[in-house]
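Computation of the quantities below employed the complete heavy-atom set of this structure, encompassing side-chain atoms and omitting hydrogens, waters and symmetry-equivalent molecules. Source: prediction; values computed, not measured.
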Amino acid sequence: MRLRLIRHATLSLEYSGRKLLVDPMLDDVEARGAIENSPNPRRNPLVALPLSAAEVVEDVDAVLVTHTHSDHWDVTAVELIRKNLTLFGQPEDEDKFRQQGCTNVQPIRTSQTWAGIEIVRTGGQHGKGEIAKEMAPVSGFVLSAAGEPTLYVAGDTIWCEEVRSVLERYKPNVIVVNAGAAQFLEGDPITMTADDVIQVCKAAPKARVIAVHMEAINHCLLSRADLAFQLDAARVEKQVSIPDDGEWVELNR
């Protein structure tokens, strides 16, 4: 298994002989406006892709989308990804995918097996209280296959009972968390803070944690350096990888 952070939450995943693209955000730098009602009002994405969008989608066998907010599924992704490519997502997004011309949409209600890979849908909380209700629905996914580490892509969620339950039930070897502490001008963060990432580490001390979702969208306020500092203070820094855009992470069972 190999995983490459493209940018933000976009991952290129080589798993069980297949190449999956997770949460493709492929717009050019500053192609769209700032997230409304949020701090740091700069145009998004804040940074360019580390390779061309055409290279990102090359030779992809399937796409996995946790939810269709524009920082996980954008206009350029819709334009460039082949319409007949296998597309996994949550049932709530099926109609949107089909309206965009995607012809091989595979909504995952509970679980599905594809090419020897079992994909289980998981829940989460995209914030707290009313903000979480407005941001819903979102999903995470657990992937498992013979000879491969069990991978948990948590998606846009804070540390919550749903995440704890996934860690206890599936005992993933690798956990991808969306950090960045994304926040609006009012309310609490809607993605993981450093404290949330630390909670994940403590709940799954044998797992490799990969923190992404930072420094690419204007309302993500937690930087890689700040996260690394707080992980070091909590003495869990050796458990966590914080890849740069374009960086590969090698993962074994």
Side-chain angles (χ1 to χ4, degrees), residues 3-13 20-53 56-57 60 63-81 87-90 92-93 96-97 100 102 124-128 131-141 153-158 176-185 187-193 196-197 210-224 227 242-247:
L3 180 153
R4 187 183 193 186
L5 172 63
I6 304 300
R7 180 183 59 185
H8 195 53
T10 305
L11 309 173
S12 179
L13 174 64
L20 292 90
L21 184 61
V22 179
D23 282 357
M25 179 182 73
L26 305 179
D27 281 351
D28 287 337
V29 61
E30 298 185 348
R32 51 183 198 271
I35 302 292
E36 292 184 5
N37 190 34
S38 64
N40 187 28
R42 296 168 55 196
R43 293 186 64 82
N44 292 309
L46 302 178
V47 295
L49 288 166
L51 64 165
S52 73
V56 174
V57 303
V60 169
V63 178
L64 180 65
V65 179
T66 60
H67 65 300
T68 57
H69 290 167
S70 61
D71 59 328
H72 295 257
W73 176 253
D74 64 12
V75 172
T76 305
V78 174
E79 292 175 351
L80 292 184
I81 290 171
L87 174 57
F88 298 107
Q90 54 187 5
E92 294 88 343
D93 292 329
K96 180 174 183 176
F97 290 138
Q100 291 171 332
C102 302
Q125 294 182 26
H126 201 353
K128 296 180 180 178
I131 290 179
K133 293 178 183 178
E134 292 178 13
M135 300 298 290
V138 294
S139 296
F141 295 97
V153 178
D156 270 8
T157 182
I158 59 173
V176 178
V177 295
N178 288 354
Q183 194 164 4
F184 297 102
L185 292 175
D188 295 317
I190 60 173
T191 62
M192 287 197 183
T193 63
D196 288 339
V197 178
I210 302 172
V212 300
H213 201 269
M214 287 172 282
E215 301 178 3
I217 296 294
N218 74 284
H219 71 331
C220 291
L221 305 183
L222 177 67
S223 70
R224 289 177 170 96
L227 175 59
I242 309 175
D244 291 325
D245 293 350
E247 183 178 347

**Q.** Option passing side chain to side chain contact (heavy atoms under 4.5 Å, CB included) with Ile190 (candidates His219, Glu134, Gln125)
**A.**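 Exactly one option meets the side chain to side chain contact (heavy atoms under 4.5 Å, CB included) with Ile190, and it is His219.
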Taking only residues two or more places apart in sequence or in another chain, which ones pass side-chain hydrogen bond (donor to acceptor under 3.5 Å, both in side chains) with [X]?
{"X": "Asp156", "answer": "His67, His72, His126, Asn178, His213"}
{"X": "Thr191", "answer": "none"}
{"X": "Asn37", "answer": "Glu186"}

(Q) Between Val212 and Val176, does the side chain to side chain contact (heavy atoms under 4.5 Å, CB included) criterion hold? Intermediate values first, please. (A) CA-CA 7 Å; Val212 300; Val176 178; 3.8 Å; yes
(Q) Less than 3.5 Å apart, any donor N or O on the side chain of Asn218 or Ser38 sitting next to an acceptor on the other? (A)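 Judged by distance alone, the side chains do pair up.
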Using every non-hydrogen atom in the two residues, find where [X] and [Y] come nearest and quote the distance to one decimal.
{"X": "Pro45", "Y": "Ala31", "value": "CD-N, 4.0 Å"}
{"X": "Leu221", "Y": "Pro39", "value": "CD1-CG, 3.9 Å"}
{"X": "Ala179", "Y": "Val197", "value": "CB-CG2, 4.3 Å"}
{"X": "Pro189", "Y": "Ile158", "value": "O-CG2, 3.6 Å"}
{"X": "Thr76", "Y": "Leu26", "value": "CG2-O, 3.6 Å"}
{"X": "Ala181", "Y": "Leu222", "value": "CB-CB, 3.9 Å"}

Q | Criterion side chain to side chain contact (heavy atoms under 4.5 Å, CB included) on Val138 and Thr157, from CA distance to verdict | A | CA-CA 8 Å; Val138 294; Thr157 182; 5.5 Å; no
Sequence neighbours left out, what passes side-chain contact (heavy atoms from CB on, under 4.5 Å) with [X]? Give chain and number order.
{"X": "Arg43", "result": "Glu30"}
{"X": "Val29", "result": "Ala48"}
{"X": "Ser70", "result": "Arg32"}
{"X": "Val22", "result": "Leu11, Leu64, Val153"}

Q) With no hydrogens and no angle check, is any side-chain donor or acceptor of Asp23 less than 3.5 Å from a backbone partner on Thr66? A)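 Yes; at least one donor-acceptor contact below 3.5 Å.
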Q) Do side-chain atoms of Gln90 reach the backbone of Pro137 as a donor and acceptor pair under 3.5 angstrom? A)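 Here the side-chain-to-backbone pair exists.
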Q) Passes side chain to side chain contact (heavy atoms under 4.5 Å, CB included), Met25 versus Asp74? Steps please. A) CA-CA 5 Å; Met25 179 182 73; Asp74 64 12; 3.2 Å; yes
Would you please name every residue forming a salt bridge (Lys or Arg N to Asp or Glu O under 4.0 Å) with [X], sequence neighbours left out?
{"X": "Glu92", "answer": "Arg121"}
{"X": "Asp245", "answer": "Arg224"}
{"X": "Asp93", "answer": "none"}
{"X": "Lys128", "answer": "none"}

Spacing of [atom1] belonging to [X] relative to [atom2] belonging to [Y], to within rounding of 0.5 Å:
{"X": "Leu5", "Y": "Ile242", "atom1": "CG", "atom2": "CD1", "result": "11.5 Å"}
{"X": "Asp27", "Y": "Leu49", "atom1": "CG", "atom2": "CG", "result": "8.5 Å"}
{"X": "Glu79", "Y": "Gln100", "atom1": "CD", "atom2": "CD", "result": "10.5 Å"}

Would a 4.5 Å heavy-atom cut-off, applied to side chains only, mark [X] and [Y] as touching?
{"X": "Pro24", "Y": "Val63", "value": "yes"}
{"X": "Ile210", "Y": "Leu3", "value": "yes"}
{"X": "Arg4", "Y": "Leu51", "value": "yes"}
{"X": "Ile81", "Y": "Leu21", "value": "yes"}
{"X": "Met214", "Y": "Cys220", "value": "no"}

Q: Decide yes or no on side chain to side chain contact (heavy atoms under 4.5 Å, CB included) for Leu87 and Trp73, but give the supporting numbers first.
A: CA-CA 12 Å; Leu87 174 57; Trp73 176 253; 4.3 Å; yes
